[in-house]
Protein chains: 2
Amino acid sequence: MPEEQETRGGRATAEMVAALAQVSRVAVSRAFNPHASLKADKRERILRVARELNYTPDRAARALVSGRTHLIGVIVPDVYSYWESQEIDALTTALQNEGFATLLFKTRTDYSMDEQLLAYMRGFNPDSVIAFVENVKPVTLTRFLDRAVPIYVDYPMAGAPAEPEHGPLYDRLNILQHSGIDQAVALLQGYGARRIAYLSGHGKSRASAAREATLRQVLEERGFQPPILAPGDFGYETAYQATIDLFRVRGGADGVFAANDVSAFGALDALRHELGLRVPGDVKVVGFDDIAQSHWKSYNLTTVKFDLHERVRALVRLILRRLNDPQAESLVETLDTRLVVRGTVG
Amino acid sequence: MPEEQETRGGRATAEMVAALAQVSRVAVSRAFNPHASLKADKRERILRVARELNYTPDRAARALVSGRTHLIGVIVPDVYSYWESQEIDALTTALQNEGFATLLFKTRTDYSMDEQLLAYMRGFNPDSVIAFVENVKPVTLTRFLDRAVPIYVDYPMAGAPAEPEHGPLYDRLNILQHSGIDQAVALLQGYGARRIAYLSGHGKSRASAAREATLRQVLEERGFQPPILAPGDFGYETAYQATIDLFRVRGGADGVFAANDVSAFGALDALRHELGLRVPGDVKVVGFDDIAQSHWKSYNLTTVKFDLHERVRALVRLILRRLNDPQAESLVETLDTRLVVRGTVG
DNA sequence: CAGCAGAATGAACGCGTGTACAAACATGCC
DNA sequence: GGCATGTTTGTACACGCGTTCATTCTGCTG
């Protein structure tokens, strides 16, 4: 075995590897840079010595000269929100496979996206930033980032003109909600539902607003009245209360669209355990997202599916494309949605 | 407003700040280092200019010279597991407040903690590492880390001698499970329960093994028979099936301890919706963790609580103590547990 | 006013790496 | 063999910052 020449429990450096492999330090650098020219046997020898010394190029030093940290900033209000947590999970795996790492940041739970956090994140100099925060404008985001081009998840309306906005540069993941919602409404129509309610997310959420708008559009297209609105906040508790209020005070509904699956769970529990109604017998319930819990027996929820892995792949594609071409115009990826039929409509 | 002297959309550097503030670059460095000596008005002026230029010291450069990246590696099998996600959430907030950031890594879902991942993480040179992975030995962890001292969550048995192990250095968060389990068993005893089952986590889990051992100990202390064992994996589905098997084939039980809250949900749903039993009327159910979902109406679970925020505070304390004194002996923090009584026992 | 301790300052160096540049070398063609 | 072209190799520099060290400045005592 090679002489243990680690200094004080610290990492091995390229210099040490070079010394042991009888090459120059630059050769070591090149050995770890695949497209650098280096004779094959030399590279092999270097890599072997590197493995023996447990050497890896220091990412800090590398970042200093290359300007790439290989860190992807992820901003979330709640890690434990179901959808977010599952997306972070899949995203982390995907990024890991591409040589990046997820750098996690939390905003306040009241969605007050303070500039302080952005400045803080900026200090870590991430290569890219994904914000799972709905009320922050891209403008705000770009103002606090130097190299990173933020990615923004958008929900364009069917038929609406593409935003000609040519302000700050950001990339976009467009999610088309019309298909899934239309399938859901068609299904409810088939079962004779007439009064449709929308249990919203919190007020500032663009996702919730887009879902509401699209639902309204689809209902109109299919000859329904506009949806009855019940105010929620994406959470279980609020959905529970809002549903009770909707049915005790405001006349109820035949079908309830909840802004996400968790709200749907709250609505379901309120309907069944508090209001004594049968689902889907008396009321149909439809959620959004299709999180893993939606097929648990207690809920077995019919829901508009956002394909998680497809979505993560699209995000990673955006990141890679942007890093390959930092000067590119605004990049766009588009995803569709579809209805997953389970036991809460029927 | 000051002349926009940013070069190519890049960040401002200490040199630019120095030039604009009419001071030397070293002064700028000192201005951002609180304990460095610098005349107050000068520091103030520098900080003002820095704010105007949106300047923050580059962390990569800082890490290169100081050896501190301010990154805390967090290794998880599933981000979306309830308990883990809630812990990551709280931990990220706490670390953020201390000037660190969470660097997330995922192992395979089959818990095969490959060395490849550790080597990968090592490349990012985190200041500390918390592994929410149960089957990886501290030895393995330390072998892949240079400066970082890993933190290991342990579940020592009551009365068992402290491990005299003096192998690789790692810090410990000890969780005492006896109190909570004893309270639960006492409660079940009061309701006349006789046959107690333990619905385990997956086979390799130390947490599950410790819970089972402690339960066995408490049962013996209180004159019960040993627990009937039903094999699970911490997941909902498996718990659901294991409960059905337990009651259809193996004679059932009066009380079921599930290895975590999610398993308890699965058991509850199986008991109520598949087996037609009443909880808590026919069977009592107790979980572990007290995750946020445990007080949802559908479950309203009685559970052994691990106080999340207390736990996170202990972890952060460990990290800070270790960074303040890298040479210290193995550090230890200890937490207790207690029973939270809700609707599944009564 | 001399003397002195302590604070404030700036020059120089080092952290570990990528890369431009020039030199050396190999290869292919006539 | 002569030359052109392409591949390897090593030197020197740059990245942005913290820190040591010698120097200058400040305030205070005698």
Side-chain angles (χ1 to χ4, degrees), chain A residues 5-47 50 53-70 99 122-125 127 146-147, chain B residues 5-47 50 53-70 99 122-125 127 146-147:
Chain A
Q5 66 171 21
E6 317 203 355
T7 49
R8 15 123 221 154
R11 319 167 44 106
T13 128
E15 198 114 27
M16 300 183 196
V17 176
L20 208 63
Q22 310 273 27
V23 298
S24 78
R25 189 195 58 76
V26 196
V28 177
S29 173
R30 285 198 243 266
F32 280 87
N33 221 323
H35 57 266
S37 83
L38 189 65
K39 249 160 72 179
D41 60 330
K42 202 170 194 176
R43 160 170 285 139
E44 202 167 330
R45 182 155 44 100
I46 294 177
L47 290 180
L53 258 51
N54 209 1
Y55 167 80
T56 301
D58 185 312
R59 276 194 132 99
R62 213 173 211 179
L64 188 56
V65 47
S66 74
R68 295 275 168 89
T69 56
H70 291 260
R122 199 183 86 101
F124 287 92
N125 205 9
D127 284 348
D146 336 83
R147 303 173 299 105
Chain B
Q5 67 171 20
E6 317 204 354
T7 52
R8 12 120 221 155
R11 317 166 46 105
T13 122
E15 197 113 26
M16 301 184 196
V17 176
L20 208 64
Q22 311 273 28
V23 297
S24 78
R25 190 194 58 74
V26 193
V28 178
S29 172
R30 286 198 244 265
F32 280 86
N33 221 325
H35 57 268
S37 83
L38 190 64
K39 247 160 70 179
D41 61 330
K42 201 170 195 175
R43 159 169 285 138
E44 201 167 329
R45 181 155 44 100
I46 294 178
L47 291 180
L53 257 52
N54 208 1
Y55 167 80
T56 299
D58 185 311
R59 276 193 131 100
R62 213 172 211 181
L64 191 54
V65 47
S66 73
R68 292 274 168 90
T69 56
H70 291 260
R122 199 183 86 101
F124 287 91
N125 205 9
D127 283 349
D146 335 85
R147 303 173 299 105

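In what follows, every chain begins at residue 1, and chains take the letters A, B, ... in the order their sequences are listed. What's counted below: heavy atoms across the whole structure, side chains too, no hydrogens, waters or symmetry copies.
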Between [X] ([atom1]) and [N] ([atom2]), how many Å, whole number?
X	N	atom1	atom2	result
A:D41	D:dT8	CG	C1'	12 Å
A:F32	C:dG18	CZ	P	9 Å
B:I46	C:dG10	CD1	C1'	13 Å
B:L38	D:dT19	CG	P	14 Å
B:E44	C:dA8	CD	C1'	17 Å
B:H35	C:dA7	NE2	P	14 Å
A:R59	D:dC15	CZ	C1'	18 Å
A:D58	C:dG14	CG	C1'	14 Å

task: Examine the base of C:dG18 for any acceptor or donor lying under 3.5 Å from a partner atom in the side chain of A:R68, and report the outcome as yes or no.
output: no

query: Does A:R11 make a side-chain donor-acceptor contact with the base of C:dG16, cut-off 3.5 Å?
result: no

Is [X] close enough to [N] that one of its side-chain N or O atoms is under 4.0 Å from OP1 or OP2 there?
X	N	value
B:R62	D:dG18	yes
A:N33	C:dT19	yes
B:K42	D:dC25	no
A:S24	D:dT11	no
B:K39	D:dT24	no

task: Starting from the 5' end of DNA chain C, give me the residue, B:V23 or B:L64, whose nearest nucleotide shows up first.
output: B:V23

statement: Sorted by position of nearest nucleotide on DNA chain C, 5' first, the leading residue of B:R25 and B:V65 is B:R25

query: Of B:S66 and A:A61, whose closest DNA chain D nucleotide lies nearer the 5' terminus?
result: A:A61

- prompt: What does A:Y55 touch in the nucleic acid at a heavy-atom separation under 4.0 angstrom: a base, only the sugar-phosphate, or nothing?
  reply: sugar-phosphate

message: Need one value for B:S29: base, sugar-phosphate or nothing, where a base atom within 4.0 Å counts as base even if backbone is also close, heavy atoms only.
response: base

Is a side-chain donor or acceptor of [X] paired with a backbone partner of [Y] at a separation under 3.5 angstrom?
X	Y	value
A:R25	A:T13	no
A:T56	B:G123	no
A:N33	A:A36	no

message: Side chain of A:P57, heavy atoms from C-beta onward: which of D:dG16, C:dT17, D:dT9 has the nearest atom to it?
response: C:dT17

- request: Would you indicate which nucleotide in C:dT9, C:dT17, D:dG10 comes nearest to any side-chain atom of A:R30?
  value: D:dG10

B:P57 side chain near B:Y55 side chain, heavy-atom distance below 4.5 Å: yes

Non-hydrogen side-chain atoms of B:T69 and A:R59 separated by less than 4.5 Å: no

message: Between A:V23 and A:R45, is the side-chain contact (heavy atoms from CB on, under 4.5 Å) condition met? List the steps.
response: CA-CA 10 Å; A:V23 298; A:R45 182 155 44 100; 4.1 Å; yes

